[in-house]
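The structure under discussion appears below in the form of structure tokens.
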2 protein chains.
Amino acid sequence: MQKPTVNDIARVAGVSLATVDRVLNARPGVRSVTIERVNRAIAELGYVRDTAAANLARRRLYRLVFILPETANEFVLALERDIASQAETLLHQRTTLEKRSVLPFDPQAIVAALDALDPETIDGVAVFGPETPSVRDGVKRARARGIAVVALVSDLPSSDRDHFVGIDNMAAGRTAARLMGRFVRRAGRILVITGSRLARDHLERRTGFDALMSSEYPDLKVVASIEGRDDPELIRRMLPDVFAAYPDLVGIYSSAAGNPGLVQFLEETGPYPDLVVIAHELTPGSRAALTSGTFDAIISQDTGHLVRSATRLLRATADRAPFDVTQERIRIDIYLKENMPQQGEET
Amino acid sequence: MQKPTVNDIARVAGVSLATVDRVLNARPGVRSVTIERVNRAIAELGYVRDTAAANLARRRLYRLVFILPETANEFVLALERDIASQAETLLHQRTTLEKRSVLPFDPQAIVAALDALDPETIDGVAVFGPETPSVRDGVKRARARGIAVVALVSDLPSSDRDHFVGIDNMAAGRTAARLMGRFVRRAGRILVITGSRLARDHLERRTGFDALMSSEYPDLKVVASIEGRDDPELIRRMLPDVFAAYPDLVGIYSSAAGNPGLVQFLEETGPYPDLVVIAHELTPGSRAALTSGTFDAIISQDTGHLVRSATRLLRATADRAPFDVTQERIRIDIYLKENMPQQGEET
DNA sequence: TTGAAAGCGATACCAG
DNA sequence: CTGGTATCGCTTTCAA
């Protein structure tokens, strides 16, 4: 009892291979009676196409592009490194990954990059950027041209993208709040460092954090947040004033990038044994801060998983093929010093 | 500039396709001069075999077996469900997964299952069981017969298995200890519920937990643990005595299975607002306990990931092919109510 | 509208 | 030892 093939369908339906293929791929030029006959055979045999063989015959190539902000922050660097390493592996799976960097916090740059995508040479694109009206329209245009689009890290729901690859940032913010509430040992104030007002992921984290904080930990007051624009130097310079203004600071939630500035400030002016610090993304810098005790916890998302998931979804979308939902869900990882993966793992 | 194929090698080396294949697959009957010539061509062209095409031609089937304890605990059930669901997907990728249940806590049953594996019909096996001398030897014999073996969930290092698919349980124990130390708000005693002395994973968790607890939280005393044998009913019956003996109980670390018994006891005799409870594995039951507040945190490992990773490693081992280390590392997941994945995700 | 036949990249059998 | 060739499951001309 073998798995049925196109040949079996052809035999059972009493037609040729070519006709079976036409029906299978919804190509024109087949009488509806014939289509019906073939479909009956397919159903009867329980046929499922062998994608590997199909791609071989088709010499199908998947050409995928990642549009990322051009910045030196470690999270984006990790993403780039994982794209590069996946690219090597995928080369042998008829897939090419290409990274295109655009000016950060610049919607127009993203739109330009999107509009430059030619459906003749590109099958899909993963976009990491702010949800502005122009970006939204750029995504819509790309999809209209037949290019598969997934939003990466920060969702673009209004753009009608094919998928979102990233964590539920509202839940991530709530998670940070819960950890903060349980870790902090006395009443006081909490500082939130955000990135950009344009970034949907930052906003969602902030919203989730504030909501849980105010409803469940009334002893902890979240003060007006500072907008660090993912810039370590800017953050470092803003902190002294905050510390001066709030002597009863008991916690810091760094919800965006720019952690090095925070770490530098804390380690130069500290230690602050009672200050609970929670940040995002496991990177060499945040890992070191966790090890040294400067950070108490990290909320993270696996960059390797993000890249693999984005490529799988882009390919599946391009092929109109199904995919495994559970495999594509990106987890909200919590890392303490104790459960950090070994450094080597992400090199 | 296309990717080079066997034909290119044949052309460049001036030999036939058949000879190229012999060299590629290290088959006998080729003069070393010829081998050398072919290898030069391969290196020169930077050839990499197209696995999809190779598998197609070879009509290669991967027949894999999972040996699991026959028990109703939710973690094993989740594993079984994920094996079944993966089996369906993998059917179209020339791979069959089969589950074989054996008596729990019975090394001989595992050995019998291992010895029954015929290399003619089975390519690889994933074993979830205790590390006893007999199991160790059974694994060695299976490998000697040419069957790929991975240890699942609980490592079998002495058996020289091909890979371990699971978390670092020592680190998991330390993680639980850290959470316990940070969540508990006053001095008191901590109860650890273990499973079986035979289970290496349980032992490692216990060791890691105790070590960090005693070195960093001297105010919290870990009392002699109870061995629940993953049996909810047994656990439920043992708890009253423990609670009676230690009125200053401030935390419980349930390091193995049998959580339903713990939950039932706590919900029937509770609530215990100040008792911190940390358990293992996200399942419908533990998820509910987390939601209701009976559990404070869950340490987990993704069963879907375990199954996918085991099958990838088994196939790679059978093919002597390389694999992506970072993708196979199983994370120690920490779940709070806030970052639990949606229920639907693991259905 | 339909079919015959030639690949895709690799393997394997049968000769020589 | 080495080469020719059919084949794997599917796609894609080219004719009919």
Side-chain angles (χ1 to χ4, degrees), chain A residues 1-39 41-42 45-62 90-95 315 318-321, chain B residues 1-39 41-42 45-62 90-95 315 318-321:
Chain A
M1 185 57 184
Q2 286 291 351
K3 235 181 46 175
T5 73
V6 274
N7 292 290
D8 299 317
I9 301 177
R11 192 170 28 73
V12 172
V15 299
S16 77
L17 265 179
T19 299
V20 172
D21 180 69
R22 291 190 183 99
V23 175
L24 238 31
N25 295 290
R27 275 184 259 273
V30 187
R31 272 185 312 167
S32 55
V33 217
T34 316
I35 296 186
E36 184 44 42
R37 199 136 46 95
V38 172
N39 278 137
I42 292 178
L45 294 172
Y47 170 83
V48 186
R49 169 207 258 100
D50 181 327
T51 326
N55 284 341
L56 173 59
R58 211 188 301 228
R59 268 177 295 181
R60 171 71 149 112
L61 289 183
Y62 299 88
L90 290 172
L91 202 52
H92 313 309
Q93 289 173 53
R94 304 165 197 293
T95 304
R315 290 201 294 186
D319 287 346
R320 291 173 182 69
Chain B
M1 183 54 184
Q2 285 291 351
K3 234 181 46 175
T5 74
V6 274
N7 292 288
D8 299 319
I9 301 176
R11 190 170 30 70
V12 172
V15 299
S16 77
L17 262 179
T19 298
V20 173
D21 179 67
R22 291 189 184 98
V23 175
L24 238 32
N25 295 291
R27 273 185 260 274
V30 187
R31 272 186 311 167
S32 55
V33 218
T34 315
I35 296 186
E36 185 43 44
R37 197 135 48 94
V38 173
N39 279 136
I42 292 177
L45 294 171
Y47 169 84
V48 186
R49 169 205 262 96
D50 181 325
T51 326
N55 283 342
L56 173 59
R58 210 190 301 229
R59 267 177 296 180
R60 173 70 150 113
L61 288 183
Y62 300 88
L90 290 172
L91 202 53
H92 312 310
Q93 290 174 50
R94 305 165 198 292
T95 303
R315 289 201 294 188
D319 287 345
R320 292 176 182 66

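Protein chains get the first letters and strands the later ones, always in sequence-line order, with residue 1 at the start of each. What's counted below: heavy atoms across the whole structure, side chains too, no hydrogens, waters or symmetry copies.
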Would you kindly give the CG-to-C1' distance between B/D319 and C/dA10, to the nearest whole Å? 14 Å
Result for side chain to side chain contact (heavy atoms under 4.5 Å, CB included) between B/Y47 and one of B/D8, B/V20, B/I42 points to B/I42
Would the distance check show the side chain of B/T95 and the main-chain N or O of B/Q93 forming a donor-acceptor pair, the cut-off being under 3.5 Å? yes
Can you measure A/R60 atom CZ to C/dG9 atom P for me and round it to whole angstrom units? 16 Å
Indicate the atoms forming the closest heavy-atom contact of B/A52 with A/A52, along with that distance. CB-CB, 4.0 Å
Indicate the atoms forming the closest heavy-atom contact of B/R60 with B/A318, along with that distance. NH2-CB, 3.6 Å
When every non-hydrogen atom of B/V12 is compared with those of B/L45, the smallest separation belongs to CG2-CD1, 4.0 Å
For B/R58 and B/N25, does a side-chain donor sit closer than 3.5 Å to a side-chain acceptor? no
Sugar-phosphate atoms are those with a prime plus P, OP1 and OP2; base atoms are the rest. Using that split, label each nucleotide of nucleotides 6-16 of chain D B, S or - for protein heavy atoms under 4.0 Å, 5' to 3'. --BBBSB----
A/T19 side chain near C/dG3 phosphate (N/O to OP1/OP2, under 4.0 Å): yes
Need one value for A/V20: base, sugar-phosphate or nothing, where a base atom within 4.0 Å counts as base even if backbone is also close, heavy atoms only. nothing
